Amino acid sequence: MTPDPNHLGEGAEVLCIGSELLLGNILNSNARWLAEALAALGIPHFRQTVVGDNSQRLQEAVREASRRCRLLVTTGGLGPTTDDLTTQAVADCFGQPLELREDVLATVMARYKARGQSIPASNRKQALLPKGATVIPNPTGTAPGMIWEPRPGFVILTFPGVPTELHAMWRQTAVPWLQERSYGRGVVLSRILRFWGASESRLAEAAAAELAQTNPTVAPYAGTGEVKLRITACAETSQGAEALIAPTQARLMKLGGSNCYGCDEDSLASVVLNLLTERQQTVATAESCTGGGIAAALTAVPGSSVVVLGGIVAYANAVKHRLLGVSTADLERHGAVSEPVAKAMAAGARHRLGADWGVAVTGIAGPGGGSISKPVGLVVLAVSSGQGTVAVTGRFGASRGRHWIQAVSVGASLDLLRRQLLGLGLENTWG
């Protein structure tokens with residue numbers, strides 16, 4: 001069945017292509033990213049579909065979408081291999097042969113020449129496009145996309161599956177093209193507020209009035225120790241949407257108090273690093289149960305080398321004693337998972353590495369190693385500065401497993417450091 005040429009669809013759909021998505025080999029992050037990108041342009045987005053590398057099923061998905069929507073955005077299947085079927089399948093849906101685009105071929109050849117290589121024969125297929133298609137240049141890869149209107153009222157935009165390539169091509173070509181043709185219905189803007197130390201249910205209960213709003217809307221999301229509140233507003237302009245969001249954001253931040261640590265792309269690590277940078281201070285880490293997770297979170301943030309001096313992963317008691325200066329008496333009397341040992345680890349990291357701040361964690365991540373007095377999920381955190389050393393104990397439970405305990409321990413450690421940097425005291429709200 002061919003697409004109905006008299007039907008004009010509404011809104012947009014996203015079609016992600018690749019058997020690796022159906023097999024669970026990779027996470028389909030493109031669908032989420034495109035959903036946010038379409039919302040930012042005010043383009044209604046009604047459906048997402050995933051199909052494998054099968055021409056027949058791919059064509060069926062395109063035909064179905066063409067009867068429902070005005071704009072179809074696809075990702076994946078634009079590479080040079082035999083399982084990259086998107087362009088051919090889309091063209092076959094509308095009975096359109098492919099033609100060689102010499103300009104596209106020249107671009108692909110130049111990309112290989114710059115690497116000192118000749119273009120493989122298989123890559124020539126990337127220069128085949130339906131007649132009348134507009135090329136979406138790929139600034140970082142060899143697979144171009146296309147903008148093609150196979151019939152009036154229905155447009156297909158194709159992109160590679162590599163996220164970095166998709167993002168660059170979307171911003172550079174797709175956004176201006178869609179805006180020039182007024183695809184959006186105003187502007188949909190979202191702001192995400194991030195909280196550590198407040199449960200989703202308690203935060204939702206406190207923000208009941210805001211959750212009942214219609215424009216902007218507020219929706220809670222629980223993560224690994226973190227809760228997010230997404231505020232979404234729709235208006236004719238970005239300024240109008242910002243004006244709708246601002247008062248709701250202010251009320252929610254007041255409700256969250258010190259538990260609200262940032263918004264949008266902020267992370268506990270980036271917030272801590274910003275605070276340390278403002279003070280021109282440094283930090284060192286000492287970790288047992290997290291195996292370097294705190295240091296990894298900090299150093300994942302660009303510019304962290306100015307602030308992070310280093311870290312010590314000290315699982316064995318002998319290493320805690322030798323490298324961090326933890327006394328054997330404390331280890332024997334209190335055990336490795338205890339506040340005296342956590343304090344000594346934090347102070348030891350600070351002194352041994354010459355940092356302004358030391359942050360430490362020791363705990364039982366499981367699945368074994370727990371006892372009645374010290375069960376799996378028991379974690380002790382400590383922060384040391386020139387003003388002294390503090391420690392708090394949390395019980396994260398064993399039910400969610402080792403990786404969850406480790407991840408929450410990293411976040412809780414960074415949050416404790418954040419609170420100490422801001423002079424917020426020792427509210428043990430996360431335990």
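On a predicted model such as this, the values are computed, not experimentally measured, just so you know.
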Apply side-chain contact (heavy atoms from CB on, under 4.5 Å) to the pair T232 and C234, showing each step before the final yes or no. CA-CA 7 Å; T232 303; C234 181; over 6 Å; no
Hey, mind stepping through K320 and S288 against side-chain contact (heavy atoms from CB on, under 4.5 Å) and telling me if it holds? CA-CA 9 Å; K320 291 180 176 71; S288 181; 3.4 Å; yes
Candidate pair D356 and R350, rule salt bridge (Lys or Arg N to Asp or Glu O under 4.0 Å), full reasoning: CA-CA 6 Å; D356 297 296; R350 184 170 70 88; over 6 Å; no
Test side-chain contact (heavy atoms from CB on, under 4.5 Å) on V379 and T362 and set out the steps. CA-CA 6 Å; V379 177; T362 178; over 6 Å; no
Can you check side-chain hydrogen bond (donor to acceptor under 3.5 Å, both in side chains) on Q59 and S55, steps first, answer last? CA-CA 6 Å; Q59 290 184 52; S55 180; 3.1 Å; yes
Evaluate the criterion side-chain contact (heavy atoms from CB on, under 4.5 Å) for residue pair R68 and E64; output intermediate values, then yes/no. CA-CA 7 Å; R68 290 189 300 254; E64 290 173 5; 3.8 Å; yes
Yes or no on salt bridge (Lys or Arg N to Asp or Glu O under 4.0 Å) for E339 and K343, after CA distance, side-chain angles and deciding distance? CA-CA 6 Å; E339 292 197 3; K343 286 183 177 182; 5.1 Å; no
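Here the side chains of I364 and P375 are not in contact, with every heavy-atom distance at 4.5 Å or above. Using a 4.5 Å heavy-atom threshold, the side chains of V392 and L416 count as touching. The shortest side-chain heavy-atom distance between T87 and W148 does not fall under the 4.5 Å cut-off.
Looking at E226 and Y221, their side chains never bring a donor and an acceptor atom within 3.5 Å of each other. Side-chain contact, T81 with D84: a donor N or O sits under 3.5 Å from an acceptor N or O. A donor and an acceptor atom, one from each side chain of S238 and E242, are nowhere located under 3.5 Å apart. Side-chain contact annotation: Y112 with N123, donor-acceptor N/O pair under 3.5 Å present.
With rounding to the nearest 0.5 angstrom, the OG1 atom of T74 is 12.5 Å from the CD atom of E13. From T158, atom OG1 reaches atom CD1 of I147 across 9.0 Å, with rounding to the nearest 0.5 Å. Rounding to the nearest 0.5 Å places CH2 of W196 at 7.5 Å from OG1 of T224. With rounding to the nearest 0.5 Å, the separation of OG in S327 from CZ in R333 is 7.0 Å. The structure places CH2 of W33 at 5.0 Å from NE2 of H167, a figure rounded to the nearest 0.5 Å. For the atom pair OG1 (T142) and CE (M109), the distance works out to 13.5 Å, reported to the nearest 0.5 Å.
A 6.0 Å sphere centred on CD of E236 holds no more than 12 heavy atoms belonging to other residues, nucleotides or ligands. Within 6.0 Å of CZ in R279 there are more than 12 heavy atoms belonging to other residues, nucleotides or ligands. The neighbour count for R251 CZ, taken as heavy atoms of other residues, nucleotides or ligands under 6.0 Å away, is above 12. Residue Q117 qualifies as enclosed at atom CD: its count of foreign heavy atoms under 6.0 Å is above 12.
Judged by distance alone, with hydrogens and angles left aside, the side-chain atoms of S413 form a donor-acceptor pair with the main-chain N or O of S409 at under 3.5 Å. Remark: side-chain polar atoms of D53 are paired, donor with acceptor, to backbone N or O of S19 under 3.5 angstrom. R111 places no side-chain N or O within 3.5 Å of a backbone atom of I119 that could act as its donor or acceptor partner. Side-chain N or O atoms of E20 include none that pairs as donor or acceptor with a backbone N or O of N25 at under 3.5 Å. Counting only distance, with no hydrogens or angles, the side chain of Q48 and the backbone of A31 share a donor-acceptor pair below 3.5 Å. The backbone N or O of N28 lies less than 3.5 Å from no partner atom in the side chain of R32, so there is not a single donor-acceptor pair. In this structure a side-chain-to-backbone donor-acceptor pair under 3.5 Å is present from Q126 to L78. Remark: the backbone N or O of D103 is paired with a side-chain donor or acceptor of T107 at under 3.5 angstrom. Put simply, the side chain of R191 never gets that close to the backbone of D264: no donor and acceptor are under 3.5 Å apart. Y315 contributes a side-chain N or O that, together with a main-chain N or O of C289, makes up a donor-acceptor pair within less than 3.5 Å.
Between S338 and G335, the shortest heavy-atom distance links the atoms OG-O, 2.8 Å. The two residues T248 and E210 make their nearest non-hydrogen contact at CG2-CG, 4.1 Å. Across all their heavy atoms, I192 and R230 have their closest contact at CG1-CG, 4.0 Å. Of all non-hydrogen atoms in P139 and M169, the two that sit nearest each other are CD-CG, 3.9 Å. Across every non-hydrogen atom of I294 and V410, the tightest pair is N-CG2, 3.8 Å. The two residues Q406 and T290 come nearest to each other via the heavy atoms O-CG2, 3.7 Å.
Ring pair F396/W404 is perpendicular by interplanar angle, where above 60° counts as perpendicular and below 30° as parallel.
The cationic group of R70 lies under 6.0 Å from the six-membered ring centre of Y183 and within 45° of the ring axis, placing it in a cation-pi geometry.
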